[in-house]
Amino acid sequence: MKKYDVTGIGNALVDIEFKVKDQFFADNDVEKGLMTLVDEDRQNALMAVINTEEAKKQCGGSAGNTVIAISQFGGKSYYSCKVANDELGHFYMNDMKDAGVSHNLNESILAEGITGKCLVMVTEDAERTMNTFLGITETYSTADVDEAAIKDSQYLYIEGYLITSENGKQAMKHAKKVAEENGVKVAMTFSDPAMVKYFGEPMTEVIGASVDLLFANEEEAMIFTGKDNLLDAREELKKVAKHFVITQGKNGAMIFDGDTFIDIEPYATTAIDSNGAGDMFAGAFMYGVTNGHSYASSGKLASMASSKIVSQFGPRLQWHEAKDILAKLNP
Ligand SMILES: OC[C@H]1O[C@H](O)[C@H](O)[C@@H]1O
């Protein structure tokens, strides 16, 4: 019996999420729809032109959102990450604890520096655009990987955003090696189209021979495989992942269970904010597969949960919402 269902590794970022009009991007020279890395001055300049009082502040990061989702459904998750000894670092640590996620953060060992922050800009079409200053999480390295937690988990979950630095890439490879040497399954997410567009080669290097479970959206699947249609892309993905999930937005998702493809129906909703929809899908799905559900049932749970997430502002469910969704899955 493992202590954790899933141990995640990824960037620890405090999200400052707010609504903008499309004009905001033109006025402030921001590229819509992507995650763009920025320096602290640039982020502060953007902060100066938004109404921060209307913004929502929560601990985030792609894998962070996923391990929180696992916890909210009743799973046991652990997050191996890095924040600084500053106000946002303490906020992050406490928010993770309140979300029921075990972690490697400890007040007495937080390093000096600046905690990473992500400005999440949400437009009326529910699209999310992110400008991220990584701060101290940019130094996340092999030394920060919690090997004991990985060994005591059913799955290691690797966030694709770590690929932007050499030390992040080494941490991904090291964590994967520790997992594989100890019979722990390896799951990975591409995180964002920009990660496979600009870091396709290092991403392939991290994947190595294969991963057990891969999460991608349609755009990421096609960019990574170099195919211009999903049918070809999904055939190519079989070469690098034993099982995989391709999320398809309002069209649901498809799962490859190692043998056949399973179509997952979407749940109709009015989309408000797509931030964290993929993270929620992965979290609900991994809760399912580590807690005795079939791939089809886990996919259904994930589809219900991610449709709920896009219907509201922010990447996290309320605890009672997670409970309600589970109750609908197992009436
Ligand atoms: O996937 C969404 C997450 O990615 C970014 O890292 C933000 O923190 C946001 O919460």
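Numbers for residues simply follow the sequence, beginning at 1. Counting convention: from 1, in listed order, for ligands and their atoms alike. Just so it is clear, the values below take in all heavy atoms, side chains as well, and ignore hydrogens, waters and symmetry mates.
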Please report which non-hydrogen protein atom sits nearest to atom 5 (C) of ligand 1, along with the residue it belongs to and the distance in Å to one decimal place. M130 SD, 3.5 Å

Sub-4.0 Å atoms of ligand 1 with respect to non-hydrogen atoms of L13: 6 (O), 8 (O)

Any side-chain donor-acceptor pair under 3.5 Å between N217 and T247? no

Using a 4.0 Å heavy-atom cut-off, say whether N11 meets ligand 1 through its side chain, its backbone, both or neither. neither

Are side-chain N/O atoms of Y140 and S165 paired as donor and acceptor at under 3.5 Å? no

Pairing donors with acceptors under 3.5 angstrom, does anything connect the side chains of T269 and S307? no

Can you find a heavy atom in the side chain of Y161 that is under 4.5 Å from one in the side chain of T132? no

the protein heavy atom lying closest to atom 8 (O) of ligand 1 turns out to be D15 OD1, 2.5 Å

Would Y78 and D146 count as having a side-chain donor-acceptor pair, cut-off 3.5 Å? yes

I'd like to check which ligand 1 atoms, numbered from 1 as shown, lie under 4.0 Å from a non-hydrogen atom of S62. 1 (O), 3 (C), 4 (O), 6 (O)

Would you mind listing which atoms of ligand 1 come within a distance below 4.0 Å of any non-hydrogen atom of C118? 7 (C), 8 (O)

Is it true that K32 and D22 have a side-chain N and a carboxylate O under 4.0 angstrom from each other? yes

Record the part of N65 in heavy-atom contact with ligand 1 below 4.0 Å; permitted values are side chain, backbone, both and neither. side chain

Among all protein heavy atoms in this structure, tell me which lies nearest to atom 1 (O) of ligand 1, with the distance rounded to 0.1 Å. D279 OD2, 2.6 Å

Do the side-chain N and O atoms of N11 and T137 include a donor-acceptor pair separated by under 3.5 angstrom? yes

Do ligand 1 and G61 have nitrogen or oxygen atoms that lie under 3.5 Å from each other? yes

